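Structure, as structure tokens:
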Amino acid sequence: MTGKKKVLLSARKIRARVKRLGKQLTAAYAGKDPLFVCVLKGACVFYADLVRAVRCPVQFDFVQASSYGSGTVSSGEVRLEKATDQPVEGRHVVLVEDIVDTGRTLAYLKRLFLQQGARSVAICALLDKPSRRAAGGAQADYVGFTIADRFVVGCGLDYAERFRNLPAIAELPAEETHE
Ligand code: PRP
């Protein structure tokens, strides 16, 4: 990390919060054989930490979705690039995301899984930017941290595929994004 980035959430703070989320999810899903679905790629770091903080059996699966638009403006259209390997019919699904921004990606995935017959679909996101929510955008059921509308990287979140491996969540100054 260069000196320019401002750390918003330290790795230590994130670890502590993930541990608490794990306890909550353990209480909610014990005996339900949940399917924890990681939304690639951004959620992979949070997902790996979260599932290890959950103390009841969970099954893993992965999806990838893309939203279309130019620059930071999304068209609102979401497309599934990779579906789950296992059928979600009859399953208690927990969608694991790094961030809920407009909420369109998760609204699309939740709707899709419910159409496919999932018994329940909950959303667990490390970060939530409620000020960015679009009409019809999903709300998370479990949130690590609520943040303001800042461009953040680290812990899976990228700028042009960089910075995903930072252990903290940091704000990326506009000059580093060349905007
Ligand atoms: C990011 C993030 C969510 C989505 C949130 O993914 O990981 O999936 O955007 O935005 P929304 O709430 O406005 O739908 P991105 O498309 O950047 O892909 P990535 O996870 O591979 O970085």
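If you're wondering where the values come from, they're calculated on a predicted model, not measured in any experiment. Start at 1 and go down the list; that is how both ligands and their atoms are numbered.
- Of the candidates L126, T105, D128, L127, T105 is the only one forming a side-chain contact (heavy atoms from CB on, under 4.5 Å) with E97.
- Ligand 1 is approached by R164 to a heavy-atom distance shorter than 4.0 Å.
- No N or O atom of Q64 sits closer than 3.5 Å to an N or O atom of ligand 1.
- Set against the non-hydrogen atoms of I99, the atoms of ligand 1 under 4.0 Å away are 2 (C), 3 (C), 5 (C).
- Taking any N or O of T105, backbone or side chain, at least one lies under 3.5 Å from an N or O belonging to ligand 1.
- Ion pair D49/K19 not flagged as a salt bridge, since none of the NZ, NE, NH1 or NH2 atoms sits closer than 4.0 Å to an Asp/Glu carboxylate oxygen.
- Nearest to atom 2 (C) of ligand 1 by heavy atom, out of V78, L40, D98, is D98.
- Between D98 and K41 there is no salt bridge, since no side-chain nitrogen of the basic residue lies less than 4.0 Å from a carboxylate oxygen of the acidic one.
- Side-chain contact between F113 and L95 is present, with at least one heavy-atom pair separated by less than 4.5 Å.
- Every atom of ligand 1 with a heavy atom of T102 under 4.0 Å away is listed here by number and element: 11 (P), 12 (O), 13 (O), 14 (O).
- Using cut-offs of 30° and 60° for the angle between ring planes, the F151 and Y159 rings count as perpendicular.
- Under 4.0 Å from ligand 1, not a single heavy atom of R132 appears.
- The closest approach between a heavy atom of G103 and any atom of ligand 1 is below 4.0 Å.
- Remark: ligand 1 atoms within the under-4.0 Å shell around heavy atoms of D158 are 22 (O).
- Residue contact check: G42 has heavy atoms under 4.0 Å from atoms 19 (P), 20 (O), 21 (O) of ligand 1.
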Could you go step by step and tell me if V39 and Y47 meet the side chain to side chain contact (heavy atoms under 4.5 Å, CB included) rule?
CA-CA 9 Å; V39 186; Y47 183 85; over 6 Å; no

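- A 4.5 Å side-chain heavy-atom check between R119 and H92 finds at least one atom pair inside the cut-off.
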